[in-house]
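Encoded as structure tokens, the structure appears first; notes follow it.
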There are 2 protein chains.
Amino acid sequence: MTSYIHCQNCSMATLCLPYQLSPEQTEKLDTIIQRHRPMQKKDVLIHSGEPLKYLYAVRSGSLKSYTIDSQGDEQIIDFHLPGDLIGFDGLIDGEHRSFTQALETTMLCEIPMQSLDTLSAELPGLRKQLLRLMSGELYASKTLLGTLNHHTAQQRLAHFLVTLSSRFQQRGLSNREFRLSMTRADIANYLGLSVETISRILTNLQQEEVIRVTNKLVTIESLEKLRTIAA
Amino acid sequence: MTSYIHCQNCSMATLCLPYQLSPEQTEKLDTIIQRHRPMQKKDVLIHSGEPLKYLYAVRSGSLKSYTIDSQGDEQIIDFHLPGDLIGFDGLIDGEHRSFTQALETTMLCEIPMQSLDTLSAELPGLRKQLLRLMSGELYASKTLLGTLNHHTAQQRLAHFLVTLSSRFQQRGLSNREFRLSMTRADIANYLGLSVETISRILTNLQQEEVIRVTNKLVTIESLEKLRTIAA
DNA sequence: CGTGGTTTTGAAAGTTCTCAAGATTAGTGG
DNA sequence: CCACTAATCTTGAGAACTTTCAAAACCACG
């Protein structure tokens, strides 16, 4: 056993493709997976329009996905945390549909699409998990749509923080205290608000003793209150 | 050959699961597909929380999918046209995540999820198309997210009409003139606007000679202008 | 320790919403 | 086929929320 990372000993396995696979099957999956070179903050992993040869799984760090609109502006559509898979939106026609950029130092696994397809013919659990992961992303995206459509700025930001909190918890991290790897501008863009509004609401939530914010570090003082606001 | 509908002679086949399947494979797919009883306007096909046993393909008519928020209000997340598949958001845990209701008289095909999975092990083209369809829905959902987030009410509605137009065109119908099976309130809800705003903007677009609206019937007088506005 | 990027805060300006009422359309039963 | 009722749609005016513009404070990196 080398010190290299394998699906068999990856702490994100239950969130990722191996979920539902037996140890032997996981080993099989592991053989098709490659490690990607480490990425530094601001490095771009995927350019929109590129052929989709690989899916990527986040091992550590975080990234944002975005499109560029007709005026050349970014439209952030996703933040990726460890255990997330990246690239599903390109399966329509085999071309990536968005850009993906590292928000901090980030490690990734690289999964050749073709091998994955071949293997999924053989492993029902893998097929199922692929559909589950896409379905989950679809669900998150539609939920977000509902949230943004029908909620105030404060509710949107609260929803964002609650969602982040539970994603960190799923990953074995604290759901009460975490670091925002994205800027306020990124959050604003993602939620369809202005930077100033994000800043003001963070200040408000702090005054109401729902959260505490120190630069990038967020401490949730009352998750209950935050959930109530988000509802 | 009976008069019954089969995948082999369905005009929506290229938008639906049979895309990429050979005639023999399509026939195989057809054997697992059942016809669903016709639905009338306001009939509810799917209740949120129900176990997902079937995916549904729209043959004719249209439907809306929505969730109910904590205040008991509808949040419309999708409109379904012929050729669309319904149910993908429930694959996470085998439970439907939203309600789906007919907007008019509607015919559906019923696809048992289990048989579909079994068959997809055998047919790579079916696997691929399943992923394509989900990916397409994901892409549409994220694009919409970007649109709603960063655009004005007029841009949103224009985008909605342009998207509908091209969906009708894909289905062999006119992209210049079509009937809105949903109410203004449904559109407003979907786009995160108020009914009044929808009404006002439709009037504006008419005055600017971009579209003509007579009740439910929309005629696009300048698709080019509409696209420019939507951008 | 300076420089650039990020965040915060204030005040004015816009866009969209809410409320209210009237007009039109669709659906139902006689 | 008409009349009636409920639902949908339109239009106006004031209110509310969020944005934009502007400037200062803060942080991070070389």
Phosphate contact (C:dT9 OP1 or OP2) by A:T203 side-chain N/O below 4.0 Å: yes

Can you tell me if B:K216 touches the phosphate of C:dT25, counting only side-chain N or O atoms and a distance under 4.0 Å to OP1 or OP2? no

As a test of reading the structure: which of [options] is closest to the side chain of [X], going by heavy atoms?
X	options	answer
A:T197	D:dT19, C:dT8, C:dC17	D:dT19
B:E196	D:dA28, D:dG12, C:dT9	D:dG12
B:S199	D:dC27, D:dC9, C:dT16	D:dC9
B:L193	C:dT16, C:dT25, D:dT18	C:dT16
A:T152	D:dT18, C:dT25, C:dC17	D:dT18

Below 3.5 Å, does any donor atom in the side chain of A:R200 face an acceptor in the base of D:dT20, or the other way round? yes

Ignoring hydrogens and angles, does a donor from either the side chain of A:Q154 or the base of D:dC17 sit under 3.5 Å from an acceptor on the other? no

Nearest whole angstrom, please: distance from the [atom2] of [N] to the [atom1] of [X].
X	N	atom1	atom2	answer
B:Q207	D:dT11	CD	P	8 Å
A:H150	C:dC17	NE2	C1'	14 Å
B:R156	C:dT16	CZ	P	8 Å
A:M182	C:dT6	CE	P	14 Å
A:Q155	D:dC17	CD	P	11 Å
B:L180	D:dT8	CG	P	15 Å
B:L202	D:dT11	CG	C1'	14 Å
B:R184	C:dT16	CZ	C1'	19 Å

Do A:H80 and A:S62 pass the side-chain hydrogen bond (donor to acceptor under 3.5 Å, both in side chains) test, and can you show the C-alpha distance, the side-chain angles, and the key distance before you say yes or no? CA-CA 5 Å; A:H80 306 283; A:S62 56; over 6 Å; no

Full working for side chain to side chain contact (heavy atoms under 4.5 Å, CB included) between B:I187 and B:T183: CA-CA 6 Å; B:I187 300 174; B:T183 66; over 6 Å; no

State, with a plain yes or no, whether a side-chain heavy atom of B:T100 is found less than 4.5 Å away from one of B:K64. no

Give the C-alpha distance, both sets of side-chain angles, the deciding distance and a yes or no for side-chain hydrogen bond (donor to acceptor under 3.5 Å, both in side chains) between B:S222 and B:E209. CA-CA 8 Å; B:S222 171; B:E209 299 188 338; over 6 Å; no

Contacts of B:H151 and A:V213 projected onto DNA chain C by closest heavy atom; the upstream (5') one is A:V213

A:D186 and A:F79: CA distance, side-chain angles, deciding distance, side chain to side chain contact (heavy atoms under 4.5 Å, CB included) verdict: CA-CA 10 Å; A:D186 285 338; A:F79 294 111; 4.0 Å; yes

Over all strands shown, is A:T183 touching base, sugar-phosphate only, or nothing at heavy-atom distances under 4.0 angstrom? sugar-phosphate

